[in-house]
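Here's the structure we're looking at; comments come further down.
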Amino acid sequence: MSSPSGDGLDALLVSLQLTDSAFPSGFYTLSHGLEGYAQARAVTPDTVPELLADLLRHSVGPSDATALALAHRAASEGDWEQLVETDQRLHATKLNRELRLAATRTGRQLLDIARESVGGEPLERYAELVADRRAPGCQAVAAGVAYASAAVPLEQAVASDLFAFCASFVGAALRLRLTDHRRAQVVLRAAAPVIREVVADALVRDSADLGGCVPVADAMSGRHERAEARLFAS
């Protein structure tokens with residue numbers, strides 16, 4: 001017997017698909033600022049977990065995770081004006097050109113593939129808004145709409161994308177030789193309490209509170225943008 005769309009198992013399968021490194025959105029081509037820190041010699045193997053936790057609490061949580069939660073609600077309720085506002089606000093919080101391009105490139109790619117693989121009216125409506133340039137198409141917002149379109153519960157959607165961020169960050173650490181495969185799994189598991197904390201906070205923020213405060217990370221991104229050699233797009 002097949003499971004009805006939107007039940008617990010189906011929602012889990014959609015979450016696994018959208019966050020898998022094989023999903024070709026380009027999300028796993030990003031270092032999320034880590035390469036900038038490595039180039040500046042501002043991070044070591046011992047401080048990678050602390051940097052990840054700080055970025056979750058002060059950058060990704062208040063910005064992308066919050067935007068994903070707001071977008072999920074807006075798409076579920078058919079509130080397209082709120083969805084557009086969320087996308088525009090998130091885009092405005094990306095202070096560097098590199099960050100804005102990374103967010104919209106991966107977001108639009110995710111949207112394009114999710115329309116084909118997941119489907120649903122919310123994704124089609126959002127695609128129209130992006131095509132009309134009313135919405136910039138940031139990754140977190142596209143993900144929120146995709147999760148909503150597949151009836152993935154809100155808390156699970158936010159947690160899934162945060163885990164994808166952590167997995168991508170640790171994967172970048174591997175390529176930058178800041179960790180090894182065994183230690184990477186320890187770091188990922190140790191991030192779980194922080195992910196739970198960040199999810200809980202993201203679920204109660206409103207759009208006026210969207211946006212992190214990470215001046216050092218912004219500076220590292222600016223340096224990375226001008227670097228002569230780069231492994232990652234951000």
Side-chain angles (χ1 to χ4, degrees), residues 14-15 18-19 25-27 30 32-33 55-115 118-162 164-165 198-215 217-218 221 234:
V14 171
S15 295
L18 292 179
T19 59
S25 68
F27 190 68
L30 310 178
H32 310 285
L55 291 175
L56 285 170
R57 288 188 174 109
H58 305 296
S59 175
V60 186
S63 58
D64 293 79
T66 299
L68 193 154
L70 292 168
H72 187 290
R73 290 195 188 98
S76 298
E77 297 168 2
D79 189 345
W80 307 115
E81 291 302 319
Q82 177 61 48
L83 185 68
V84 168
E85 179 185 342
T86 297
D87 208 359
Q88 292 174 344
R89 280 179 175 268
L90 179 61
H91 190 255
T93 70
K94 309 291 183 182
L95 300 184
N96 299 321
R97 177 177 177 271
E98 174 182 270
L99 297 177
R100 292 193 297 271
L101 286 176
T104 54
R105 190 191 73 222
T106 57
R108 294 182 183 195
Q109 184 73 353
L110 186 155
L111 173 60
D112 184 53
I113 299 168
R115 289 173 67 195
V118 176
E121 193 273 336
L123 283 165
E124 295 303 319
R125 180 66 179 124
Y126 180 51
E128 293 176 3
L129 295 169
V130 173
D132 291 341
R133 297 187 177 182
R134 291 188 58 199
C138 292
Q139 184 274 337
V141 175
V145 176
Y147 285 120
S149 195
V152 175
L154 176 56
E155 183 180 49
Q156 180 176 320
V158 178
S160 296
D161 229 56
L162 284 171
F165 172 86
V198 171
V199 169
D201 290 341
L203 294 182
V204 298
R205 287 194 188 93
D206 58 28
S207 59
D209 293 323
L210 195 160
C213 182
V214 283
D218 290 334
S221 177
S234 76

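In what follows, every heavy atom counts, from backbone to side chain, and hydrogens, waters and symmetry copies are set aside.
Remark: the backbone N or O of G61 is paired with a side-chain donor or acceptor of T66 at under 3.5 angstrom. A donor-acceptor distance shorter than 3.5 angstrom exists from the side chain of S76 to the backbone of H72, with no hydrogens or angles considered. A side-chain donor-acceptor contact under 3.5 Å links S149 to the backbone of G119. Remark: side-chain polar atoms of D206 are paired, donor with acceptor, to backbone N or O of A208 under 3.5 angstrom. Checked by atom type and distance alone, the side chain of D79 never pairs as donor or acceptor with a backbone atom of R73 at under 3.5 Å.
A salt bridge is absent between D209 and R89; no separation between the charged side-chain nitrogens and carboxylate oxygens falls under 4.0 Å.
Across all non-hydrogen atoms, the minimal contact from A67 to T86 is O-CG2, 3.6 Å. Here the closest non-hydrogen pair linking G137 and Y126 is CA-OH, 3.1 Å. Nearest approach of A157 to V152, heavy atoms of both residues: N-CG1, 4.0 Å. A146 approaches A114 most closely through the heavy-atom pair CB-CB, 4.1 Å. In this structure, V14 and A150 approach most closely via the heavy-atom pair CG1-CB, 3.7 Å.
Separating the CG atom in L154 from the CG atom in L68 is a distance of 8.0 Å, to the nearest 0.5 Å. For the atom pair CD1 of I113 and CG of L123, the computed distance is 12.0 Å after rounding to the nearest 0.5 Å. Here S59 contributes atom OG and H32 contributes atom NE2; the two are 10.5 Å apart, rounded to the nearest 0.5 Å. How far OG1 of T19 is from OH of Y147: 5.0 Å, rounded to the nearest 0.5 Å.
Under the 3.5 Å distance criterion, with hydrogens and angles disregarded, no donor-acceptor pair is assigned to the side chains of S25 and Q139.
Between L30 and R105 there is a side-chain heavy-atom pair separated by less than 4.5 Å. For the pair L99/D218, a side-chain contact is recorded, criterion being any heavy-atom separation below 4.5 Å from C-beta on. You'll find the side chain of P136 reaches within 4.5 Å of the side chain of Q88, heavy atoms only. Side-chain contact between R97 and R100: present, with at least one pair of heavy atoms (C-beta onward) separated by less than 4.5 Å. Using a 4.5 Å heavy-atom threshold, the side chains of R108 and D112 count as separate. The shortest distance between side-chain heavy atoms of V145 and L111 does not fall below 4.5 Å. Contact annotation: the side chain of E155 approaches that of V199 to within less than 4.5 Å [non-hydrogen atoms, C-beta and beyond]. Between L70 and L90, the closest side-chain pair of non-hydrogen atoms is not below 4.5 Å.
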Can you list the steps and then say if V198 with L162 is a side-chain contact (heavy atoms from CB on, under 4.5 Å)?
CA-CA 9 Å; V198 171; L162 284 171; 3.7 Å; yes
Going through the distances and angles, do D87 and L129 end up as a side-chain contact (heavy atoms from CB on, under 4.5 Å)?
CA-CA 10 Å; D87 208 359; L129 295 169; over 6 Å; no
Start with the C-alpha gap between F165 and D64, add the side-chain angles, then the distance that decides, and say whether side-chain contact (heavy atoms from CB on, under 4.5 Å) holds.
CA-CA 10 Å; F165 172 86; D64 293 79; over 6 Å; no
